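To start, the structure itself, in structure tokens.
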Amino acid sequence: MAVMPNTEPAIQSRSEVALVVNAAKGNIVDVHPIGAISKKREGKEMAELYDMKQNGAVAFSDGNKSVQQAGLMSRALLYAKGFEGLIFSHAEDESMAGGIK
């Protein structure tokens with residue numbers, strides 16, 4: 001089972017990833033944390049992708065929020081490529097959606 005970063009606080013650093021990994025040890029199912037692409041899933045500043053990967057994150061996403069800053073997404077994709085990180089994103093351009101959820 002993969003756990004999305006739609007938590008409070010978001011899974012956005014190695015300590016939150018380690019918490020999920022350690023809490024899941026010995027369970028009937030394997031639990032794999034997905035780290036946030038951006039801090040607090042706000043789409044403003046990139047989270048600690050490499051550190052999260054080193055501590056057990058299997059992928060990166062801002063969950064049900066889409067990254068609206070193309071520059072941030074581009075940097076995250078390029079950075080993650082360097083350590084074979086997997087990034088997926090909720091596809092929604094808020095400027096086109098017109099407030100419809």
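The structure presented is a predicted model; accordingly, all values stated were derived computationally and were not measured.
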So which heavy atom on [X] is nearest to which on [Y], and how close?
X   : Y   : value
M52 : A36 : CE-O, 3.3 Å
I34 : A2  : CD1-CB, 3.7 Å
G35 : A57 : N-CB, 4.2 Å
G63 : S61 : N-OG, 2.9 Å
E84 : K53 : O-NZ, 3.8 Å
S89 : S66 : OG-CA, 4.3 Å

Step-by-step side chain to side chain contact (heavy atoms under 4.5 Å, CB included) determination, V20 to V31: CA-CA 8 Å; V20 172; V31 178; 4.0 Å; yes
How many angstroms lie between [atom1] in [X] and [atom2] in [Y], if you round to the nearest 0.5 Å?
X   : Y   : atom1 : atom2 : result
E16 : N55 : CD    : CG    : 11.0 Å
R41 : I11 : CZ    : CD1   : 10.0 Å
R75 : S38 : CZ    : OG    : 11.0 Å
M46 : F60 : CE    : CZ    : 10.0 Å
R14 : D51 : CZ    : CG    : 4.5 Å
K40 : D62 : NZ    : CG    : 13.5 Å

Would you say [X] and [Y] are hydrophobically clustered, going by side-chain heavy atoms of ILVMFWY under 4.5 Å?
X   : Y   : answer
Y79 : V17 : yes
V3  : V29 : yes
V58 : F88 : yes
F83 : I87 : yes

Flag yes if more than 12 heavy atoms outside Q68 fall under 6.0 Å of its CD atom; otherwise flag no.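 It does: Q68 CD has more than 12 such atoms within range.
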Does atom OH (Y50) have a neighbourhood of more than 12 heavy atoms from anything else shown, all under 6.0 Å?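 Atom OH in Y50 is not packed in, count stays at 12 or less.
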Between I37 and M73, is the side chain to side chain contact (heavy atoms under 4.5 Å, CB included) condition met? List the steps. CA-CA 8 Å; I37 296 169; M73 181 58 87; 4.1 Å; yes
Residues in salt bridge (charged side-chain N to carboxylate O under 4.0 Å, His left out) contact with E45, at least two apart in sequence or another chain: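 By the salt bridge (charged side-chain N to carboxylate O under 4.0 Å, His left out) rule, E45 matches K39.
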